[in-house]
There are 2 protein chains.
Amino acid sequence: MFSKTCEYAIRATIYIASEYKNEEKIGIHDICQNIEAPQHFVAKILQVLSRHDIVSSKKGVHGGFYITEEQRDTRLIDIVYAIDGDHVFTGCALGLKQCSETKPCPIHYKFKPVRENLKKVLQDTRIRELAENIKKGKFVLKALGI
Amino acid sequence: MFSKTCEYAIRATIYIASEYKNEEKIGIHDICQNIEAPQHFVAKILQVLSRHDIVSSKKGVHGGFYITEEQRDTRLIDIVYAIDGDHVFTGCALGLKQCSETKPCPIHYKFKPVRENLKKVLQDTRIRELAENIKKGKFVLKALGI
DNA sequence: CTTAAAAGATGATAATCATCATGTTTGATG
DNA sequence: CATCAAACATGATGATTATCATCTTTTAAG
């Protein structure tokens, strides 16, 4: 559904939001270990997220990634747009360039509710809520090693 | 949502179903021209569809691709399964290996209805219906050149 | 029974996406 | 103000996906 890049982006953002407290920034190493993702790759992704004002970062000693109160209001759709663009929402399911409401492909209207459903979920889900649920232990971001 | 391979597979199948009549098989060249897809690539895909009994083919002079009455009952989900596998339906939206009903990722339950919705659409849509609609001119598979 | 037109099979190339590596800039701290 | 730990930037490699090319097999028809 999303690119791997986007999956990592969402996981990293949720992790940062669930861990950040007391002004202690979170290092890339810590992040990657806990979301089980390749370090260099995620570093690159976090730079993009940072430029899009989805997460914050600070260089230097005691630097790292963190998230502000405002940024906790980020909706999943913002991350998807920042990384994957609008393709998931607007692109034709059959890959037809000219497919539209007036020139629909054979399955255009059948997929419309699916798309709208997806969009709604992404619009209604905020990082804040997901991070809270992680903290409560309701959900997991990685398999817990015994 | 689907791979390009899968998009071409669906388009080709619909085209064959909408064009085939009077036992006249449809050549790969004709198909590719009308669905605007690369010939060699689609040839490969049609071989897979043929092996999966989604379309039929005949070699030699006056050979080509065609579709039987039974094959017109093929549902879109059959094509997706044949080409892309079950990843769209079962894979975690965040790419987590261990994500499941008992160990859900943070957005697992939010995406569940989206997935079910998608699956239902694919299950309820048959090639027969799509081909009929093409014939009636209600939908298009390619941009009509002026 | 030879020919030609079609799909079938397999392997090679190209493009895209994911991952890795290396060096640069920033900023707190002694 | 030198040092070091962090993110930042950019380019290189690897893997996967999409596309192309070449040859083989089948089959109707002269």
Side-chain angles (χ1 to χ4, degrees), chain A residues 1-13 15-16 19-20 23-33 35-67 80 83-85 87-88 91 94-95, chain B residues 1-13 15-16 19-20 23-33 35-67 80 83-85 87-88 91 94-95:
Chain A
M1 189 153 307
F2 309 128
S3 68
K4 261 189 170 182
T5 309
C6 194
E7 292 174 358
Y8 289 145
I10 296 173
R11 277 153 66 181
T13 306
Y15 179 75
I16 294 168
E19 284 293 305
Y20 180 57
E23 309 279 300
E24 280 169 34
K25 319 287 183 296
I26 301 159
I28 186 87
H29 185 75
D30 179 6
I31 295 168
C32 291
Q33 203 156 338
I35 68 172
E36 289 179 304
Q39 180 163 340
H40 290 277
F41 192 22
V42 174
K44 208 175 236 181
I45 296 168
L46 282 173
Q47 285 166 30
V48 177
L49 293 179
S50 176
R51 264 182 251 132
H52 276 87
D53 192 33
I54 289 166
V55 300
S56 302
S57 67
K58 195 171 188 217
K59 283 187 181 182
V61 179
H62 298 149
F65 294 93
Y66 63 103
I67 191 164
V80 174
I83 304 290
D84 283 349
H87 185 264
V88 194
L94 294 186
Chain B
M1 187 153 310
F2 309 128
S3 68
K4 259 189 172 182
T5 309
C6 194
E7 292 175 359
Y8 289 146
I10 296 173
R11 277 152 68 182
T13 306
Y15 179 75
I16 293 169
E19 284 293 305
Y20 179 58
E23 309 278 301
E24 280 169 34
K25 320 287 183 296
I26 302 160
I28 187 86
H29 185 75
D30 178 6
I31 295 168
C32 292
Q33 203 157 338
I35 68 172
E36 290 179 301
Q39 180 162 342
H40 290 277
F41 192 22
V42 174
K44 210 175 235 182
I45 296 167
L46 282 173
Q47 284 167 30
V48 176
L49 293 180
S50 176
R51 264 181 251 131
H52 276 87
D53 192 34
I54 289 166
V55 301
S56 302
S57 68
K58 194 169 188 219
K59 283 185 178 183
V61 181
H62 297 148
F65 294 92
Y66 63 102
I67 192 165
V80 174
I83 304 291
D84 283 349
H87 184 264
V88 195
L94 295 186

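A note on names: the letters A, B, ... follow the listed sequences, proteins ahead of strands, and every chain is numbered from 1.
For A/Glu24, there are no side chain to side chain donor-acceptor pair (under 3.5 Å) partners, not counting sequence neighbours. Applying the ring-ring contact (aromatic ring centres under 6.0 Å, His included) criterion to B/Phe65, with sequence neighbours excluded, gives no partner residue. When the ring-ring contact (aromatic ring centres under 6.0 Å, His included) test is applied to A/Tyr8, the partners found at least two apart in sequence or on another chain are A/Phe41.
The NZ atom of B/Lys58 sits 9.0 Å away from atom CD of B/Glu23, with the distance rounded to the nearest 0.5 Å. In this structure, CG in B/Asp30 is found 10.5 Å from CD in B/Gln39, a value given to the nearest 0.5 Å. Atom SG in A/Cys32 sits 8.5 Å away from atom CD1 in A/Ile45 (nearest 0.5 Å).
In this structure, CG of B/Asp30 is placed 10 Å from P of C/dA7, rounded to the nearest angstrom. Between the P atom of D/dA18 and the CG atom of B/Leu46 lies a distance of 16 Å, rounded to the nearest Å. Regarding A/Leu49, its CG atom lies at a distance of 13 Å from the P atom of D/dA9, rounded to whole Å. The CD atom of B/Gln39 sits 14 Å away from the P atom of D/dT22 (whole-angstrom rounding). Look at CD1 on B/Ile67: it is 17 Å from C1' on C/dA7, rounded to the nearest Å. Atoms NE2 (A/His40) and P (D/dG11) sit 17 Å apart, rounded to a whole Å. When rounded to the nearest whole Å, the span between CZ of B/Phe65 and P of C/dA5 equals 17 Å. Here C/dT19 presents its C1' atom at 13 Å from CD1 of A/Ile28, a figure rounded to the nearest Å.
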Could you list, one pair per line, each protein nitrogen or oxygen that sits under 3.5 Å from a nitrogen or oxygen of nucleotides 23-27 of chain C, together with the distance?
unit_1	atom_1	unit_2	atom_2	d
C/dT26	O4'	A/Lys59	NZ	3.4
C/dT26	O2	A/Gly60	N	3.4

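Look at B/His62 and you'll find a side-chain N or O under 4.0 angstrom from OP1 or OP2 of D/dA29. Between A/Arg51 and D/dC8 there is no side-chain N or O to OP1 or OP2 distance below 4.0 Å. The side chain of A/Ser57 contributes an N or O atom lying less than 4.0 Å from OP1 or OP2 of D/dC8.
Considering all non-hydrogen atoms of both residues, B/Leu94 and A/Glu7 come closest at O-CB, 3.5 Å. Minimum interatomic distance between B/Ile26 and B/Tyr20 (heavy atoms only, all atoms of both residues): CD1-N, 3.6 Å. Contact detail for B/Cys6 and B/Phe2: the closest heavy-atom pair is CB-CB, 3.8 Å. Shortest non-hydrogen contact noted between A/Leu46 and A/Ile28 is CD1-CD1, 3.5 Å.
Within the 4.0 angstrom heavy-atom criterion, only backbone atoms of the sugar-phosphate kind lie near A/Ile26; the bases stay farther away.
With contacts defined as side-chain heavy-atom distances shorter than 4.5 Å, the pair B/Val48/B/Thr5 does not qualify.
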Go along nucleotides 10-18 of chain C 5' to 3' and tag each nucleotide: B for a protein heavy atom under 4.0 Å from its base, S when only backbone or sugar atoms are that close, - otherwise.
BB------S

Can A/Leu49 and A/Ile83 be said to form a side chain to side chain contact (heavy atoms under 4.5 Å, CB included), step by step?
CA-CA 8 Å; A/Leu49 293 179; A/Ile83 304 290; 4.0 Å; yes

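In DNA chain C, runs of at least 3 stacked Watson-Crick or G-U pairs (N1-N3 plus N6-O4 or O6-N4, or N1-O2 plus O6-N3, all under 3.5 Å) give these stems: C:1-30 with D:1-30.
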